[in-house]
Each structure stands twice: as structure tokens, then as C-alpha cells.
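Here is the structure we will look at.
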Amino acid sequence: MVGLKEELLKSIWHAFTALDLDRSGKVLSHNLCTVLNVPHDPVALEEHFRDDDEGPVSNQGYMPYLNKFILEKVQGNFDKVEFNRMCWTLCAKKNLSKSPLLISDEDAFKVWVIFNFLSEDKYPLIIVPEEIEYLLKKITEAMGAGWQQEQFDHYKIALNTSREGLSAWELIDLIGSGQFSKGMDRQTVSMAINEVFNELILDVLKQGYMLKKGHKRKNWMERWFVLKPNIISYYVSEDLKDKKGDIILDGNCCVEALPDKDGKKCLFLIKCLDKTFEISASDKKKKQEWIQAIQSTVNLLRAGSPPPHKEARQKRKELRQKLLAEQEELERQMKELQAANENKQKELETVRKQLEAAAARAAEEEKKRLQTQVELQDRFSLELEREKMVRQKMEEQVAQKSSELEQYLQRVRELEEMYKQLQEALEDEKQARQDEETVRKLQARLLEEETAKRAELEKWHLQQQQTIQMTEAEKQELENQRMMKEQALQVAMQQLKQLELERKEALEQYEEVKKKLETAANNTKSWKDKVAHHEGLIRLIEPGSKNPHLITNWGPAAFTEAELEERQRSWKGKKATSE
């Protein structure tokens, strides 16, 4: 719908710019509503064209009214040729050249409509040289003449030096002058313009006479066929006055060749959903052209693509936009380079002036130097002796300072080496503490497992005592259960022994880690003494004090006194529950 609105706006723009809106705006609006099949709104029309300076047209312009009350209501059910002819009638008299042309007014109208189709989407409307070349090539091919590329290149160069493109009326003058159709009569040019108009504006992809077989009487009649993007219409003759029917095309249609039969040759078949059409072309070449054209149209319908000429126009516009963007980027870069070059030139000029000033100063200083040279030579001998004495003293001081610097650097290197060794000792201590923490966690886990096993053993012991107190009638059955529980108890005792072995191994690992920790602490202490001996430049980071550990039957405990009290309360609660 947006594309339709843009096409309508181009024709309306010509009519709008050719009229005096204050006197003829109502006429234009009324005619647009008529040809576009839009309902008239007399109240809105009078409101927007009041005869005072407070009317909406005076304040807001004509476009708001055009968009709201006309273009937004267009449904597409109107005759595009009639609409274009109405706009042409309003603007042609004012703008069409008075000089005689080699084309008729009807041909000029068709060229004007083609211009609106090929022009750029900006106002005032112009057609760029690339589209002019495309249109002239189409007309030349339709006339059967050869395209004169060199002639158009000269014209294009002359055009580019003065402006970006041509207006509609300049394009009509160019084609009507016969500059690119020399040797062709008016009828040939008119037929070529009409053929291009049919293709680009009326979407006629192919047309011509063929024989069609009737559906009822089964007789063969000659018809004028017109192929468009979604329909094939056939008429009695090429004047298109007596239309006999349509063949609606969609993605489900197909076309296929048929063998000769019933005395008819060059047959092909068009299959649609509801009907099948048998058609006979005049020769094999025409038959193949029609089959290819219809099949291409069906393929475009299946793919949802626009007609070839519209798709080609869009691609040309996209290519021009891309080239324009690249050209603008190149111009921007050139401007940046030019600005940078100008800045460099300014910098060079500044440097040149500075050099000239420096040269002038150097000349003045040279003159002064020559004047003072004699005085300097007189004092040179005295200062030379003084300098020798000063140099000797300076050399002695430099030797002394070099010795002190070497001693200082040696001391710094020793301190750096001590600092590295201290860092290594701290890393060893940190690793030892991590190992101690790992062993402590392992001891805690083993103790929890041992506690759970002891609670389970106590539970089974209580169950055995309860079993002994039961009646003699249940003794045999209980004896079997007791045997099974004793076996389970033995398995649990074995697991408990295994846990004790693992705890002892963990304790041994803990002792090893503890020894490593003590060794690391001793190393740290020794390095601390060394650092303190060297004027206390480095302060050791020592581990904080640790609370004393609880001692169990198997060595230092891996839990605090509060954790032990919590576990004792848990055991007592479990024991009371089992009793």
C-alpha cells in the first residue's frame, strides 16, 4: 500500500504544482475522489478550503488533507490510466513545450507516466541518467534499431556537468526531438512507446494473436491474448474493446506443450484449478515464447516476487543508493584528507616561519659570538686551569660516589634475595596450614561416621536385650533374628575397625602436616631475625594465635568443646528414644 501511495503522489504532485491551490484545490480534490473511487466528504472539503487565512490549508498545507481524506481511503479498485490522464490534463497545458514534437500528445502522456514510474522518490521529481539510458534502450529495442551507446555517453557527460537529471517535460522534449530515434517514422516511435508503456505501466509481459479452443462448442477462435503478472486476458482484437474472458494464474497453474492434433499445430495447454485451456500459436517460436513467459509468470507467483521490470527497477535504485553511499563516503574521506593536508600545510608554514626566525636569531647570536670570542680566548687559559682543578676534584667525588652506589646496590640485591626466600617460606607455611585443614576435616568426617556406628551398635544391643526378655514361644524365631543381627553386628564391628584404621592414618598424616607447619614456622622465624638484622626493612606476616585443641583417646580432636557438647546431647536424645 505504501508503494501505491508513492506512485499516486508523483502524479498528484505534477497536478498540484501546476494549479493555483487557493482557486483550484477543490477541483483537484473532487477529481481525485472521483477517479480513485473514494467517497466524497463535502464538509471536510469546505472546511479545508475556507476563504480566509484561518483555514487548515493555509496553516498546515495541502498534504494533511490529501493523506487523511483521500490517499488513506484508496483501496486499489480504480483505473490507473484514467487517474494518470486526469493529472496529466491538469498539468500538461502549463508545462508541455510549445515547440513541435515528433510524438503525439498521447505518446507524450505515456512518456510522462513512464517518467513517474522511473523517477527518484524525492521532490522535485527528476529521472537520473541511468534510468534515461534504460528507457531509451527499451524504446530503441522496441523500434528494432541499434543502440548508440557512444552518442548517449556524450549526452550523459553534457548532462552531468549541469544537473543531476531531467524533469518530466525535459524527458518528453528529449524523446520528442528524435535525437535518439533518427531514421524512424512517427508511427514506429509511437508503437515503441506504446509497447514500453504496456510493459512498465500496464504490466503487460507478452501479447499477441493465438487460437483458443472453446469449452462448450469446441471450436477454434482467434483471440488477442494479453499476459499480465497474475492473469491472461483474451479479446476479440488488439484494440481491447471486446473482452471475451480471463485465465486467472496462481502458483498451482502449469503449462505444457501438446502434440499436433485435429489439424492444429503448435499446441500447448494451460492447467488451472477449475479449467484447462488449449491454445494454438502461429509457429513453434511463438509457442515456445508463450510457454516460457507463462511458466516464468507462474514461478514468480509461487515465489511471491514482483514483475521483472519492477524488480529490476528496485535493484537499479538499490545499486544507485549503494554507489551514492560509497561516493559520499569517498567524498567524506577526501574532505578529511584535504583538511588534514591543509593542517599539514599550515604546520609546515608555521615551521618554516619558526626556522626563518631561528635562522635570524642564529645569525644575531653568531655576530655576538664573534664579538665575544676575543674576550673568551683571553679568559679561556685562566678558566682552563681552574677547570682542571675542578675536574680532578669531581673525579675523586665520582669515584667515591660510585663505590658507595655499588655497596648500596649490593645491599639492595641481598634484601631482594632475602625477600624472595621469605616469600617462599610463607608459601610453604600456607600450604602446610591448608594440609592441616584438610586432615582436620577428614578426622571430623571419620568421627561422625564412628559416632553413627556406635549409636547403631547401641541400638542393636538394646534390641538384643529386649529380645532376651521375650516369651519362650517366640524364642526360636527371635533366635534366628538374633543370629542375623549378630552377623550384621560383626559386619558393623569390622567397619568400625576399618574406620579406626583410617582415623589412625589420618592422625599420622596430621602429625606429618604438623611437623611441616613447625618447620615452616621455624624458617619464618629465622628469616624474620635476618630481616630484623638488616634495619627492619621487611615486616613478616605471622599467623595468629590458635586456641588449644581438645585431646581424645586417639590424639588431638578435630572439633571444639561446643561441638562436643552438641554431639553428646544428640547421643543422649537418640539413646532415650531407643529405650
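With hydrogens and angles left out, the side-chain atoms of Asp435 and Thr438 include no donor and acceptor closer than 3.5 Å. With hydrogens and angles left out, the side-chain atoms of Gln149 and Asp153 include a donor and acceptor closer than 3.5 Å. In this model, no donor atom of one side chain and acceptor atom of the other lie less than 3.5 Å apart for Gln345 and Glu349. In this model, no donor atom of one side chain and acceptor atom of the other lie less than 3.5 Å apart for Lys213 and Asn219. Checking Asn299 against Ser296 by side-chain atom types alone, no donor-acceptor pair falls below 3.5 Å.
Lys284 is linked by a salt bridge (charged side-chain N to carboxylate O under 4.0 Å, His left out) to nothing, counting only residues two or more places apart in sequence or in another chain.
In summary, Lys137 and Glu141 do not engage in a salt bridge, as defined by a charged side-chain N under 4.0 Å from a carboxylate O. Ion pairing between a basic and an acidic side chain is recognised when a charged N comes within 4.0 Å of a carboxylate O; Glu427 and Lys430 show no such pairing. Classification of Glu342 and Lys346 as a salt-bridged pair fails, no side-chain N sitting under 4.0 Å from a carboxylate O. A salt bridge does not link Arg85 with Asp79: none of the charged nitrogens is closer than 4.0 Å to a carboxylate oxygen. At a threshold of 4.0 Å, the pair Arg316-Glu130 does not count as salt-bridged, since none of the basic side-chain nitrogens sits closer than that to a carboxylate oxygen. A salt bridge is defined here as a Lys NZ or Arg NE, NH1 or NH2 lying under 4.0 Å from an Asp or Glu carboxylate O, and Arg332 with Glu336 meets this definition. With respect to the salt-bridge test (charged N to carboxylate O, under 4.0 angstrom), the residues Glu416 and Lys420 do not qualify. A salt bridge does not link Arg361 with Glu364: every distance from a Lys NZ or Arg NE/NH1/NH2 to an Asp or Glu carboxylate oxygen is 4.0 Å or more.
Ring centers of Trp224 and Tyr235: at least 6.0 Å apart, outside the cut-off. Between Trp290 and Phe268, the ring centre distance reaches or exceeds 6.0 Å.
Nearest heavy-atom pair across Lys287 and Leu267 is CE-O, 3.1 Å.
Atom NZ of Lys156 has more than 12 neighbouring heavy atoms from other residues, nucleotides or ligands inside a 6.0 Å radius.
The shortest distance between side-chain heavy atoms of Leu227 and Val204 does not fall below 4.5 Å. Taking the side chain as every heavy atom from C-beta outward, Glu326 and Leu323 approach each other to under 4.5 Å. A 4.5 Å side-chain heavy-atom check between Asp246 and Ile232 finds every atom pair outside the cut-off. At least one side-chain heavy atom of Trp220 sits less than 4.5 Å from a side-chain heavy atom of Glu278.
Trp147 and Phe152 have tilted rings, their planes meeting at an angle from 30° to 60° on a 0 to 90° scale. Between Tyr155 and Phe180, the two ring planes are perpendicular [angle over 60°; tilted spans 30° to 60°].
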Scan the side chains in residues 112-121 for donor-acceptor partners under 3.5 Å anywhere in the protein, sequence neighbours excluded, and list what turns up.
{"unit_1": "Asn116", "atom_1": "OD1", "unit_2": "His14", "atom_2": "NE2", "d": "3.1"}
{"unit_1": "Asn116", "atom_1": "ND2", "unit_2": "Ser11", "atom_2": "OG", "d": "3.3"}
{"unit_1": "Ser119", "atom_1": "OG", "unit_2": "Lys10", "atom_2": "NZ", "d": "3.3"}
{"unit_1": "Ser119", "atom_1": "OG", "unit_2": "Phe115", "atom_2": "O", "d": "3.3"}
{"unit_1": "Ser119", "atom_1": "OG", "unit_2": "Asn116", "atom_2": "O", "d": "3.3"}
{"unit_1": "Glu120", "atom_1": "OE2", "unit_2": "Arg320", "atom_2": "NE", "d": "3.4"}
{"unit_1": "Glu120", "atom_1": "OE2", "unit_2": "Arg320", "atom_2": "NH2", "d": "2.6"}
{"unit_1": "Asp121", "atom_1": "OD1", "unit_2": "Lys10", "atom_2": "NZ", "d": "3.1"}
{"unit_1": "Asp121", "atom_1": "OD1", "unit_2": "Lys317", "atom_2": "NZ", "d": "3.4"}
{"unit_1": "Asp121", "atom_1": "OD2", "unit_2": "Lys317", "atom_2": "NZ", "d": "3.4"}

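Checking each of Lys138, Gln207, His309, Lys206 against Glu199 for a side chain to side chain donor-acceptor pair (under 3.5 Å) leaves exactly one that passes, namely Lys138.
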